[in-house]
Each structure stands twice: as structure tokens, then as C-alpha cells.
Amino acid sequence: MTEGGAIMTTSASDVTVEGVVRRAAAGHRDQRGALLPVLHAVQAELGHVPQEAIPVLADEFNLSRADVHGVVTFYHDFRREPAGRTLLRICRAEACQALGAEGLMTYAREAGLAPGETTPDGAVTVEQVFCLGNCALGPAVEVNGRLHGRVTPARLGSILDGTVSA
């Protein structure tokens, strides 16, 4: 199925959004409440959940587009736009806050890295999360899936310098 008769493709490749969604849905057909795992699978493959995936998901799960859109926008884990080449996630949960997470947020803001946004050059996306499960080693950050503990603002800068320039 294509919306408006056009083939839906991602901007980065010739893989169709519809194909990704339908394959992910097929792998979860026997599960109750499969929308969330399918959304995670779509984001894992495409890097985000594009708007053109919404009608396909609605069709696959016999839901309204509004229902699917509501789930995508309710959960902060789902991105509607591609993330930057480096994904920085800063923990803001209580343990990390008590150990200095606000200093990491201040450092990020002063470096021009606004929470919830991607830098104009597409280099870095900053997300604030509310637990990375590394409470004993707070404040914690995750950079491109790699967890770091006891992070100071200076260490965050070093981590980003190494990651962004790589």
C-alpha cells in the first residue's frame, strides 16, 4: 500500500517505509499489544518513525491514524525525525540529578546542544532521559549506545570530542 499512489521511501536509501513497517509487523503478528515492539523495530531500522509509517501501521493493526500518532508522540523514545550522527542521552533521574546531571545539561546548552534537538549540521542530537540504569555511577550519559558513568562536564566534552570527530 502506498499513500496517494506514491512509493514511500526513506531519504537515506531505497528501502521503502511501507516494506520496513510491514516486515516488522509480520514478525509480531502473534503478540498482543504489538504496536510498541513494531515501532521500536521501525525506529531501529530507519533511525526514526517517519510520518508516512503512521497510515501503514494503522492499517496493519486496524487502528486509526490518530491512535498510532498518539502512541508515537506520547513516548519520548520515538523520534519523528532522524537523529544526528552522534546521539547523546543525558540521565535526569533523581540519582543522577543529585550527583550533578544539571551541570551536564548546562554544559550541553552552553556548547549549543539543546535538549530535544539536533545541531543544524546534523552532528549531534541531545535527549534527556529519566533513567539509564546506572544510578550507582551517576551522573550517567549514553553516547551512541555506550554508557558512561561519573561524567563531569569536562569529561562529557572529551567524550563528545572523541565521538563527534570519529
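Given the structure is predicted, the values throughout are model-derived calculations rather than measurements.
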Can you tell me if Glu94 has over 12 outside heavy atoms packed within less than 6.0 Å of its CD?
no
Closest heavy-atom pair, Gln31 versus Pro37, reported as atoms and distance to 0.1 Å, is OE1-CG, 3.8 Å
Any donor-acceptor pair under 3.5 Å linking the side-chain atoms of Ser158 with those of Asp161?
no
If I take atom CG from residue Leu147 and atom SG from residue Cys91, how far apart are they, to the nearest 0.5 angstrom?
9.5 Å
Does Gln51 form a side-chain contact (heavy atoms from CB on, under 4.5 Å) with Val17? I'd like the steps, not just the answer.
CA-CA 10 Å; Gln51 185 63 36; Val17 171; over 6 Å; no
Applying the 4.5 Å side-chain criterion to the ILVMFWY set and letting contacts propagate, would Leu36 and Leu46 be lumped into a single cluster?
yes
State the CZ-CD distance between Arg89 and Glu142, to the nearest 0.5 angstrom.
4.5 Å
Report the C-alpha separation of Leu63 and Val71 in whole Å, then their side-chain angles, then the decisive distance to 0.1 Å, and conclude whether the side-chain contact (heavy atoms from CB on, under 4.5 Å) test is met.
CA-CA 11 Å; Leu63 297 168; Val71 172; over 6 Å; no
Which atom of Ala24 lies closest to which atom of Val38, heavy atoms considered
O-CG2, 3.7 Å
Compare all side-chain heavy atoms of Glu127 with those of Pro115 and state whether any distance is below 4.5 angstrom.
no
Main chain of His148, side chain of Arg155: is a donor-acceptor contact present, judged purely on distance under 3.5 Å?
no
Distance-only donor-acceptor hits, side chain of residues 119-126, under 3.5 Å, sequence neighbours excluded:
residue: Thr119; atom: OG1; partner: Asp121; partner atom: OD1; Å: 2.6
residue: Thr119; atom: OG1; partner: Ala123; partner atom: N; Å: 3.1
residue: Thr119; atom: OG1; partner: Val124; partner atom: N; Å: 3.1
residue: Asp121; atom: OD1; partner: Ala123; partner atom: N; Å: 3.0
residue: Thr125; atom: OG1; partner: Gly84; partner atom: N; Å: 2.5
residue: Thr125; atom: OG1; partner: Thr118; partner atom: OG1; Å: 2.5

Taking every heavy atom of Val42 against every heavy atom of Pro50, the minimum-distance pair comes out as CG1-CD, 4.5 Å
Applying side-chain contact (heavy atoms from CB on, under 4.5 Å) to Val20 and Val56, what does each step give before you reach the verdict?
CA-CA 10 Å; Val20 170; Val56 182; over 6 Å; no
Applying ring-ring contact (aromatic ring centres under 6.0 Å, His included), which residue pairs with at least one partner in residues 76-121 are found, sequence neighbours left out?
His40-Phe78
Non-hydrogen side-chain atoms of Val15 and Glu45 separated by less than 4.5 Å:
yes
Hey, is the main chain of Asp77 close enough, under 3.5 Å, to the side chain of Gln43 for a donor-acceptor pair?
yes
Is the CZ atom of Phe130 crowded by more than 12 outside heavy atoms at less than 6.0 Å?
yes
Would you mind reporting whether Leu156 and Leu88 have side-chain heavy atoms less than 4.5 Å apart?
yes
Locate the shortest heavy-atom distance separating Ala53 from Val21; write the atom from each residue and the value.
CB-CG2, 3.7 Å
Spacing of CD1 belonging to Ile54 relative to CZ belonging to Arg65, to within rounding of 0.5 Å:
9.5 Å
Taking all non-hydrogen atoms of both residues into account, name the closest pair between Leu160 and Leu113 and its distance.
CD1-CD1, 3.9 Å
Step through the shown structure and confirm whether more than 12 heavy atoms of other residues, nucleotides or ligands are within 6.0 Å of CD on Glu102.
yes
Derivation and outcome, side-chain contact (heavy atoms from CB on, under 4.5 Å), residues Asp67 and Phe61:
CA-CA 10 Å; Asp67 287 337; Phe61 293 106; over 6 Å; no
CE of Met105 to CZ of Arg109: how many Å apart, nearest 0.5 Å?
4.5 Å
Taken to the nearest 0.5 Å, the spacing of Leu57 CG from Leu39 CG works out to 5.5 Å
Please list all pairs meeting side chain to side chain donor-acceptor pair (under 3.5 Å) that have one or both residues in residues 128-139, counting only residues at least two apart or in different chains.
Arg92-Gln128
For Arg29, does the CZ atom sit with more than 12 other heavy atoms under 6.0 Å from it, leaving out its own atoms?
yes
Looking at Thr86, Val151, Leu87, which hits side chain to side chain contact (heavy atoms under 4.5 Å, CB included) with Val143?
Thr86
Is there a chain of hydrophobic side chains (I, L, V, M, F, W, Y, each step under 4.5 Å between heavy atoms) that links Leu132 to Ile90?
no
Ignoring hydrogens, what is the shortest heavy-atom contact between Cys96 and Pro139? Give both atom names and the distance.
SG-CA, 3.7 Å
